[in-house]
Amino acid sequence: MADLVAPSRTYGLVDILDRVLDKGLVVVGDIKINLANVELLTIQVRLLICSIDKAEQIGLNWWKTDPRLSTQAQHAMPKQTPAASAASQQESRHGS
């Protein structure tokens with residue numbers, strides 16, 4: 001009980017960050033906005049903070065297949081056809 005009132009060890013930011021990255025931290029939350037029993041907005045938050053090693057250990061590796069984050073994924077992407085390339089250029093010009 002004395003440790004709860006006056007802890008014998010203080011934790012620095014580095015210690016806390018090391019523990020969070022080693023063990024992982026999950027934050028889950030839902031925000032719902034209703035007006036007269038009509039749901040107007042729902043926001044679901046799912047946040048996982050951990051090291052890459054821990055993420056791979058639990059089966060997460062989406063960054064390996066994301067073309068914006070991996071050069072291997074960029075090479076594996078199919079090349080755009082001229083029509084698709086023109087359409088994407090047109091969209092970027094019009095801001096949509």
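- Going from atom CG of D22 over to atom CG of D53 covers 9.5 Å, rounded to the nearest 0.5 Å.
- Atoms CD1 and NZ, from I49 and K54 in turn, are 14.5 Å apart once rounded to the nearest 0.5 Å.
- V27 is linked by a side chain to side chain contact (heavy atoms under 4.5 Å, CB included) to L25, L47, counting only residues two or more places apart in sequence or in another chain.
- Shown here are the side chain to side chain contact (heavy atoms under 4.5 Å, CB included) partners of V26, two or more places apart in sequence or in another chain: V28, L48.
- Remark: I31 CD1 to T42 OG1 distance equals 10.0 Å, nearest 0.5 Å.
- Cluster annotation: L21 is not connected to L13 through the hydrophobic network of ILVMFWY side chains, with a link wherever side-chain heavy atoms come within less than 4.5 Å.
- Residues C50 and G24 share a closest heavy-atom pair of CB-CA, 3.8 Å.
- Judged as a side chain to side chain contact (heavy atoms under 4.5 Å, CB included), and not counting sequence neighbours, the contacts of N61 are W63, K64.
- For the side chain to side chain contact (heavy atoms under 4.5 Å, CB included) test, residues two or more places apart in sequence or in another chain that qualify with I16 are Y11, V20.
- Applying the salt bridge (Lys or Arg N to Asp or Glu O under 4.0 Å) definition to pairs two or more places apart or across chains, those involving residues 26-39 are D30-R46.
- Considering only residues two or more places apart in sequence or on other chains, Q57 meets the side-chain hydrogen bond (donor to acceptor under 3.5 Å, both in side chains) condition with none of them.
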